[in-house]
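Numbering of ligands and ligand atoms starts at 1, following listing order.
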Amino acid sequence: VTGGTATGDAATGDAATGDPRRIRVALGQRGYDVVVGTGLLSAAGEFLAPVLRGRRAVVVADETVAALHLPTLAASLDAAGFRHDTVVVPPGEASKSFAQLERLLDAILDLAPERTTAVVALGGGVVGDLAGFAASVLLRGVDLVQAPTTLLAQVDSSVGGKTGIDTRHGKNLVGSFHQPRLVLADIAALDTLPPRELRAGYAEIVKYGLIDDPGFFAWLEHQGRAVLDGDRPARAEAVARSCAAKARIVAADEREEAGARALLNLGHTFAHALEAETGFGADLLHGEAVALGTVLAFDLSARLGLCPPGDAERVRRHLADAGLPVSLRQISLPERSADRLLARMARDKKVRDGRLVLVLARGIGAAFVDAEADPGRVRDFLAERLAA
Ligand SMILES: NC(=O)c1ccc[n+]([C@@H]2O[C@H](COP(=O)([O-])OP(=O)(O)OC[C@H]3O[C@@H](n4cnc5c(N)ncnc54)[C@H](O)[C@@H]3O)[C@@H](O)[C@H]2O)c1
Ligand SMILES: [Zn+2]
């Protein structure tokens with residue numbers, strides 16, 4: 001049973017007083033809470049104890065996050081009586097590999113884990129995806145806790161159960177669905193995040209408003225600056241609303257079969273093509289590519305007469321105000337070729353029977369899946385954008 005509704009709108013707690021909020025991901029027996037609040041890592045043991053089967057954990061973190069946030073988490077696990085070990089991986093997308101997966105699994109197996117040992121993924125989406133996948137295959141599946149420390153991971157990758165690694169054929173092509181037992185999104189962990197990473201995660205927050213919540217987008221137009229500048233109540237509100245949105249979509253379509261979950265790919269088919277062209281590296285972060293892709297999706301929707309041009313302009317202005325790239329002029333591509341981008345888009349996983357599947361919009365908060373996008377029109381549109 002994958003149905004059910006998330007109690008997203010009823011997220012409890014009060015960010016102003018520091019009470020954590022809980023958002024339920026309603027997936028029956030696989031359901032779990034996303035807890036959003038300040039200082040959660042220093043109370044992690046108390047949050048984990050009621051949801052885990054055992055009192056043993058292996059924390060997985062990258063070197064950067066381990067240096068900054070592992071001591072806090074470890075102290076709280078000690079205080080709650082957890083036996084715990086740590087496996088550290090190199091930072092960066094390259095760690096989502098067969099080689100690092102093997103290293104990680106062997107390192108955990110060296111510790112003689114039991115079926116009730118939990119894996120705690122402390123870090124960004126890279127660690128969440130890698131450690132989550134490892135947890136799903138270790139001893140045929142052990143408990144997983146996501147403790148996301150990037151804005152992107154807090155609002156997107158830690159919720160929903162997608163895990164995986166990259167191969168030479170492309171990103172995220174080997175993986176599993178493995179829902180966590182708990183997501184602990186500590187707003188305080190964001191204090192150490194580089195501003196560029198923060199802005200990249202912000203693009204995914206904007207996405208939720210654009211999909212189906214125009215009120216949230218309007219809120220972001222007023223409060224986005226506070227979110228970016230480090231205002232904790234504003235950050236908690238933005239993260240909680242984003243998680244509620246993702247929880248709702250995941251509860252309706254856990255394995256991306258019914259269509260609802262495909263809406264989360266707003267801006268992403270364009271984004272993946274741009275990331276592939278720029279090598280999935282520091283030249284263009286995923287969230288930056290999503291910002292560009294979202295602008296392209298709205299501009300194309302306006303061009304096709306589906307969306308008011310004023311809405312597309314609002315989207316562009318807001319993402320630009322957030323310091324995100326909104327024009328192809330702002331990035332360097334190896335070749336400014338519409339055909340190359342279109343070929344990349346067609347190779348994306350989101351292709352059904354040779355037709356381009358795109359998420360387009362009838363306006364802000366009114367995204368829909370267009371499974372019949374005309375590749376010729378998309379190519380002409382891209383050619384014009386590349387020349388602009
Ligand atoms: N599973 C999903 O549903 C899903 C969804 C979206 C994205 N993803 C995946 O997420 C990955 C990207 O995640 P990401 O953007 O979090 O990247 P990331 O995990 O590489 O983190 C970005 C950088 O920030 C550093 N960092 C993390 N937390 C920090 C902190 N609190 N303070 C200082 N530095 C910190 C990391 O060391 C890293 O260098 C991609 O691999 C993508 O495919 C998965
Ligand atoms: Zn994304």
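The aromatic rings of Trp219 and Phe216 lie parallel to each other, with less than 30° between the two planes, well short of the 60° mark.
Inspection of the Asn172 and Lys162 side chains reveals no N or O donor paired with an N or O acceptor under 3.5 Å.
Partner of Glu275 under the side chain to side chain donor-acceptor pair (under 3.5 Å) criterion, chosen from His286, His268, Lys171: His286.
Contact shell of ligand 1 (protein heavy atoms, cutoff 4.0 Å): Asp62, Thr64, Val65, Leu68, His69, Pro91, Glu93, Lys96, Gly124, Gly125, Val126, Asp129, Thr149, Thr150, Leu152, Asp156, Ser157, Lys162, Lys171, Asn172, Ala189, Thr192, Leu193, Pro194, Glu197, Lys246.
Neighbouring protein atoms of the Zn ion (ligand 2) (N, O or S, distance under 2.8 Å, waters ignored): Glu204 OE2, His268 NE2, His286 NE2.
Side-chain contact between Phe82 and Leu52 is present, with heavy atoms from C-beta onward closer than 4.5 Å. A 4.5 Å side-chain heavy-atom check between Leu360 and Phe298 finds every atom pair outside the cut-off.
In terms of modelled atom types and a separation under 3.5 Å, the side chain of Arg235 and the main chain of Val227 share a donor-acceptor contact. At distances below 3.5 Å, at least one donor-acceptor pair connects side-chain atoms of Tyr208 with backbone N or O atoms of Val155. Panel note: side chain Lys96, backbone Leu130; no donor-acceptor pair is recorded below 3.5 Å.
The environment of Arg362 atom CZ is sparse: at most 12 non-hydrogen atoms of other residues, nucleotides or ligands sit within 6.0 angstrom.
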